[in-house]
Chemist: 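Let me begin by handing over the structure; questions about it come next.
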Amino acid sequence: MGLIHIELFTTLDLVGQAPGGPDEDPEGFPFGGWQAPLLDEVTGAQILAAYEGTDALLLGRRTYDIFAAHWPHKEGGEIAELFNSVPKYVASRGRPDLPWAGSTQLGPDLAGAVREVRDRHEHVKVVGSLDLVQTLLREKLFDRLDLWVHPIVLGVGKTVFDGGAVPTNVTLLEPPVAGPQGAVYLRYGLADGTPATGDMSRPDRGLGHDDDNGR
């Protein structure tokens with residue numbers, strides 16, 4: 001069984017809508033392309049490294065249409081070569097035209113179809129596709145969650161956890177990496193169980209009112 005990696009570029013308030021350009025997803029969103037001024041060499045290198053070994057893409061319909069209009073016409077570059085060569089699996093409720101070579105629509109049983117894709121490939125990348133991502137998070141149909149958190153707050157736009165999230169544990173897989181523009185790369189893995197609770201006033205937490213610091 002392979003791994004499903006979710007790759008998301010987000011703001012500090014976890015807005016993930018239209019990071020790449022003003023025409024990407026303009027409906028009711030005035031900040032299309034918010035990521036561009038915050039890119040730097042460190043972030044770029046980390047993004048390229050994150051795609052190493054990818055052998056399939058899993059995309060929502062809107063992200064697929066954006067990619068299909070762009071990447072097949074790009075020559076050269078690691079990302080273009082990768083995206084154009086690997087199979088693309090598209091989640092859509094309709095009957096979309098899928099002109100990009102290697103594209104396949106997933107069946108109506110989305111959860112079952114995603115599991116089949118994971119069984120067929122080693123490293124499946126989910127890029128953008130917020131509606132699809134929210135379904136995968138809700139169903140816990142992911143193995144890695146890569147968040148590229150940028151130092152801005154937008155206050156509007158589609159967010160990563162836009163309703164319907166379920167209690168989930170994740171574990172940090174490697175130390176965070178920060179770029180000079182302030183973007184921070186966080187790589188999490190899905191963990192067992194659900195979030196636990198505790199009592200911060202317990203003496204062994206060092207935050208009680210009876211210790212020296214609480215007098």
Chemist: Would you say Val156 and Pro30 make side-chain contact, with heavy atoms under 4.5 Å?
Modeler: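 In contact.
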Chemist: Write down the atom of Pro19, the atom of Glu24, and the distance for their closest heavy-atom approach.
Modeler: CD-OE2, 3.1 Å
Chemist: Nearest 0.5 Å please: distance from the CG atom of Leu136 over to the CZ atom of Phe142.
Modeler: 9.0 Å
Chemist: Can you tell if the side chain of Phe67 reaches within under 4.5 Å of the side chain of Val127, non-hydrogen atoms only?
Modeler: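 Result yes, sub-4.5 Å side-chain heavy-atom pair found.
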Chemist: Check whether Tyr64 reaches the backbone of Trp100 with its side chain - one donor and one acceptor, N or O, closer than 3.5 Å.
Modeler: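 Side chain of Tyr64 to backbone of Trp100: a pair is present.
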Chemist: Identify the two heavy atoms, one from Asp13 and one from Gly155, that lie closest to each other, and give their separation to 0.1 Å.
Modeler: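 In terms of heavy atoms, the two residues are closest at OD2-N, 2.7 Å.
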Chemist: State, to 0.1 Å, how close Leu154 and Phe31 come at their nearest heavy-atom pair, and which atoms those are.
Modeler: CD2-CG, 3.8 Å
Chemist: With clusters defined by side-chain heavy atoms of hydrophobic residues (ILVMFWY) lying less than 4.5 Å apart, directly or transitively, does Ile66 cluster with Leu130?
Modeler: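 No, separate clusters.
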Chemist: Do Val90 and Leu58 share a hydrophobic cluster, counting only Ile, Leu, Val, Met, Phe, Trp and Tyr and linking them when any side-chain heavy atoms are less than 4.5 Å apart?
Modeler: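 They do not share one cluster, since no chain of ILVMFWY contacts under 4.5 Å joins Val90 to Leu58.
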Chemist: If we only count heavy atoms from C-beta on, is the Tyr185 to Glu174 side-chain gap below 4.5 Å?
Modeler: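 Yes; the side chains approach each other to less than 4.5 Å.
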Chemist: So Asp162 and Gln134, side chain to side chain contact (heavy atoms under 4.5 Å, CB included) or not? Walk me through it.
Modeler: CA-CA 7 Å; Asp162 193 15; Gln134 289 164 6; 3.1 Å; yes
Chemist: Let me confirm one number: the CD-CG distance from Glu116 to Asp109, rounded to the nearest 0.5 Å.
Modeler: 8.0 Å
Chemist: OG/Ser92 to CG/Leu132 distance, rounded to the nearest 0.5 angstrom?
Modeler: 11.0 Å
Chemist: Taking it one step at a time, do Ile4 and Val126 satisfy side chain to side chain contact (heavy atoms under 4.5 Å, CB included)?
Modeler: CA-CA 7 Å; Ile4 294 178; Val126 185; 3.8 Å; yes
Chemist: Indicate the atoms forming the closest heavy-atom contact of Pro87 with His121, along with that distance.
Modeler: CG-CE1, 3.8 Å
Chemist: Taking it one step at a time, do Val177 and Val184 satisfy side chain to side chain contact (heavy atoms under 4.5 Å, CB included)?
Modeler: CA-CA 6 Å; Val177 177; Val184 179; over 6 Å; no
Chemist: CG/Leu110 to CZ/Arg93 distance, rounded to the nearest 0.5 angstrom?
Modeler: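 Answer rounded to 0.5 Å: 9.0 Å.
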Chemist: Looking at Thr10, is its backbone amide N or carbonyl O close enough to the side chain of His150 to form a donor-acceptor pair, meaning the two atoms are under 3.5 Å apart?
Modeler: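 Yes, the answer is positive, given that a donor and an acceptor are paired below the 3.5 Å cut-off.
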Chemist: For Lys125 and Asp146, which heavy atoms make the closest approach, and how far apart are they?
Modeler: NZ-OD2, 4.1 Å
Chemist: Treat each ILVMFWY residue as a node, draw an edge where side-chain heavy atoms are under 4.5 Å apart, and state whether Leu137 and Trp148 are in one component.
Modeler: no
Chemist: Check for me, please, whether Tyr188 and Ile47 land in the same ILVMFWY cluster - side-chain distances under 4.5 Å, paths through other members count.
Modeler: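 No: no chain of side-chain contacts under 4.5 Å links Tyr188 to Ile47.
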Chemist: Does Leu14 reach the side chain of Phe161, with side-chain heavy atoms less than 4.5 Å apart?
Modeler: yes
Chemist: Look at Asp65 together with Arg61 and state whether they make a salt bridge at an N to O cut-off of under 4.0 Å.
Modeler: yes
Chemist: When you check the gap from the basic side-chain N to the acidic O, do Asp143 and Arg118 get nearer than 4.0 Å?
Modeler: yes
Chemist: I need the single residue from Glu78, Glu7, His123 that forms a side-chain contact (heavy atoms from CB on, under 4.5 Å) with Tyr51. Which is it?
Modeler: Glu7
Chemist: Taking the side chain from Gln46 and the backbone from Gly179, do they hold a donor-acceptor pair closer than 3.5 Å?
Modeler: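 No: the side chain of Gln46 does not pair with the backbone of Gly179.
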Chemist: Verify, without hydrogens or angle tests, whether Lys88 (side chain) and Ala56 (backbone) share a donor-acceptor contact under 3.5 angstrom.
Modeler: no
Chemist: So, the side chain of Ser201 versus the backbone of Asp199: is there a donor-acceptor pair under 3.5 Å, distance only?
Modeler: no
Chemist: Keeping Asp119 on the side-chain end and Met1 on the backbone end, is there a donor-acceptor pair under 3.5 Å?
Modeler: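 Looks like no, no N/O pair under 3.5 Å.
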Chemist: Checking the side chain of Lys140 only, and the main-chain atoms of Arg138 only, is there a donor and an acceptor separated by less than 3.5 Å?
Modeler: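 Side chain of Lys140 to backbone of Arg138, a donor-acceptor pair under 3.5 Å: no, none is there.
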Chemist: Does Leu141 reach the side chain of Arg115, with side-chain heavy atoms less than 4.5 Å apart?
Modeler: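 They are in side-chain contact.
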Chemist: Do any N or O atoms from the side chain of Asn84 and from the backbone of Trp71 form a donor-acceptor pair under 3.5 angstrom?
Modeler: yes
Chemist: Which atom names give the shortest non-hydrogen contact between Thr104 and Leu98, and what distance separates them?
Modeler: C-CD1, 3.9 Å
Chemist: Return yes if some donor-acceptor pair links the side-chain N/O of Ser129 with the main-chain N/O of Leu59 below 3.5 Å, else return no.
Modeler: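 Not a single qualifying donor-acceptor pair exists.
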Chemist: Is the backbone N or O of Lys158 less than 3.5 Å from a side-chain atom of Gln17, with the two atoms forming a donor-acceptor pair by type?
Modeler: yes
Chemist: Run the numbers on Phe9 and Trp34 for side chain to side chain contact (heavy atoms under 4.5 Å, CB included), then give the verdict.
Modeler: CA-CA 10 Å; Phe9 304 113; Trp34 54 263; 4.3 Å; yes
Chemist: With a 4.5 Å cut-off on side-chain heavy atoms, are His5 and Leu3 touching?
Modeler: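 Touching, per the 4.5 Å side-chain cut-off.
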Chemist: Side-chain contact test, heavy atoms from C-beta onward, threshold under 4.5 Å: evaluate it for Leu12 versus Val149 and give yes or no.
Modeler: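 Yes. Closest side-chain heavy atoms under 4.5 Å.
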Chemist: Let me confirm one number: the CG-CG distance from Asp192 to Asn169, rounded to the nearest 0.5 Å.
Modeler: 8.5 Å
Chemist: If Ile, Leu, Val, Met, Phe, Trp and Tyr residues are connected whenever their side-chain heavy atoms lie under 4.5 Å apart, and connections chain through other members, are Val170 and Leu172 in the same group?
Modeler: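 Yes, Val170 connects to Leu172 through the hydrophobic network.
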Chemist: Taking side chain as C-beta onward, heavy atoms only, is Leu190 less than 4.5 Å from Leu145?
Modeler: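 A side-chain contact is absent here, since even the closest heavy-atom pair is not under 4.5 Å.
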